[in-house]
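Here's the structure, in structure tokens; my notes come after.
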Amino acid sequence: MREFRKKQRLFKLVKNAVVIVTAILLFFLIGFEKAIYEGGAESVALALHYSAEVLVIASLALVLLYSSKYSKCDTFLTNVELELSDCGYYLTNRSEKTVDEYSRAIRDTLIENAFGIEENLELTELDFALRGTKRNEVFYLVKTDELDKNDVIAHLDSVVYDFTAVMMKRSGNAVLTFVCNKADDGAIELSKTITVMGRKEKVKIAIAIAELETSRVYFLGNSPTKCQQMIANYVMSSEVPIPDTLKGERLPYQDALEERMKSFDLNEYRRGNFFSH
């Protein structure tokens with residue numbers, strides 16, 4: 001991934017340089033081409049004119065090539081880089097020790113912050129303890145004793161469908177929170193993934209796992225977004241920026257992910273055959 005990013009940055013630098021030179025030359029010709037002709041330097045004027053045409057074509061080609069080759073994977077790679085640079089977990093400020101008590105504390109905080117609460121929902125045949133809604137912010141909560149990867153994937157699919165197809169939201173932020181006693185490694189690996197949708201990525205869905213056995217909360221906490229703020233405020237009962245005292249150590253799966261991303265292949269990603277998890 002690092003080698004790929006180096007090539008991307010170099011290509012972007014060349015693209016930007018050509019676009020800037022093209023713009024400068026066009027502005028120069030707009031202001032001085034007539035004066036150059038009238039001054040008798042017709043050959044210079046023609047050379048500048050044809051150079052501008054070549055640069056315009058080159059600029060368009062570079063922009064289109066960059067867009068087709070790099071832009072489609074940029075969000076994916078940025079999220080992976082955030083995941084790798086984030087600490088492994090965060091410590092909660094809440095003192096509740098059972099799943100029910102912790103969930104009630106989250107519900108009470110949501111109510112205090114003007115969320116409309118619906119409890120004990122069934123969405124696409126899956127159980128949710130609550131759904132809190134405030135304008136374009138939606139908070140989903142699932143209670144379970146033990147959490148695994150399949151639980152996370154299934155409930156995330158349900159949230160995506162509910163947020164976009166049932167609630168008909170085309171922009172906004174959603175947080176899917178699991179309150180459990182124990183989460184397995186597969187579930188924890190998915191906790192820092194952010195689901196983005198829409199042409200301008202106006203929909204973002206984040207995952208948070210509150211593991212009560214360890215008082216840890218797993219989520220992507222180093223990206224200052226509305227989702228990060230929602231998780232910090234409502235799940236951890238913390239302010240943002242999150243204080244260093246609540247930040248834990250890097251986890252082994254992040255090292256494994258970094259090793260996996262060394263083999264990142266753009267063509268495989270575009271064919272849908274490369275995944276970070």
Run through the side-chain heavy atoms of Ile, Leu, Val, Met, Phe, Trp and Tyr, join any pair under 4.5 Å, and report what else lands in Val19's cluster. Val63
Going only through I, L, V, M, F, W and Y residues with side-chain contacts under 4.5 Å, is there a path from Leu141 to Ile153? yes
Do the side-chain N and O atoms of Asp151 and Thr144 include a donor-acceptor pair separated by under 3.5 angstrom? no
Take Asp145 and Val99 through the test side chain to side chain contact (heavy atoms under 4.5 Å, CB included) and record every step on the way to the result. CA-CA 8 Å; Asp145 182 32; Val99 170; 5.7 Å; no
For Arg250, check side chain to side chain contact (heavy atoms under 4.5 Å, CB included) against everything at least two apart and list the hits. Leu84, Gln254, Asp255, Glu258
Fellow cluster residues of Tyr161, listed by chain then number, with links counted only when side-chain atoms sit under 4.5 Å apart: Val166
Do Leu130 and Phe139 have side chains that get closer than 4.5 Å, going by heavy atoms? yes
Are the side chains of Glu83 and Glu81 in contact, using a 4.5 Å heavy-atom criterion? no
What do you reckon, is CD of Glu268 surrounded by more than 12 foreign heavy atoms closer than 6.0 Å? yes
By ring pair (Phe, Tyr, Trp, His ring centres under 6.0 Å), which residues pair with Tyr90, not counting sequence neighbours? Phe219
For Phe178, give me all partners under ring pair (Phe, Tyr, Trp, His ring centres under 6.0 Å), at least two apart in sequence or on another chain. His155
With Lys226, which residues qualify under side chain to side chain donor-acceptor pair (under 3.5 Å), at least two apart? Gln229
In the hydrophobic clustering that connects Ile, Leu, Val, Met, Phe, Trp and Tyr at side-chain heavy-atom distances below 4.5 Å, which members other than Leu13 occupy its cluster, ordered by chain and number? none
Mind checking what makes ring pair (Phe, Tyr, Trp, His ring centres under 6.0 Å) contact with Phe115, not counting sequence neighbours? Tyr234
With side chains defined as the heavy atoms from C-beta onward, is the minimum distance between Val179 and Leu212 less than 4.5 Å? yes
Going by side chain to side chain contact (heavy atoms under 4.5 Å, CB included), name the residues that satisfy it together with Asp244, two or more places apart in sequence or in a different chain. Lys247
With sequence neighbours left out, what residues match Leu26 under side chain to side chain contact (heavy atoms under 4.5 Å, CB included)? Thr22, Ala52, Val56
Hits for side chain to side chain contact (heavy atoms under 4.5 Å, CB included) against Thr225, two or more places apart or cross-chain, chain-then-number order -> Ser223, Cys227, Gln228
A side-chain contact here means heavy atoms from C-beta on lying under 4.5 Å apart; do Met167 and Asp162 qualify? yes
Could you tell me whether Glu122 atom CD has more than 12 heavy atoms of other residues or ligands within 6.0 Å of it? yes
Whether Arg131 and Glu118 form a salt bridge (side-chain N of Lys/Arg under 4.0 Å from carboxylate O of Asp/Glu) is what I want to check. yes
Is the number of heavy atoms from other residues, nucleotides or ligands within 6.0 Å of CG (Asp185) greater than 12? no
Other residues, nucleotides and ligands only: do more than 12 of their heavy atoms fall within 6.0 Å of NZ on Lys134? yes
Among residues two or more places apart or on two chains, list those pairs meeting salt bridge (charged side-chain N to carboxylate O under 4.0 Å, His left out) that have a residue in residues 98-116. Asp100-Lys143, Arg107-Glu119
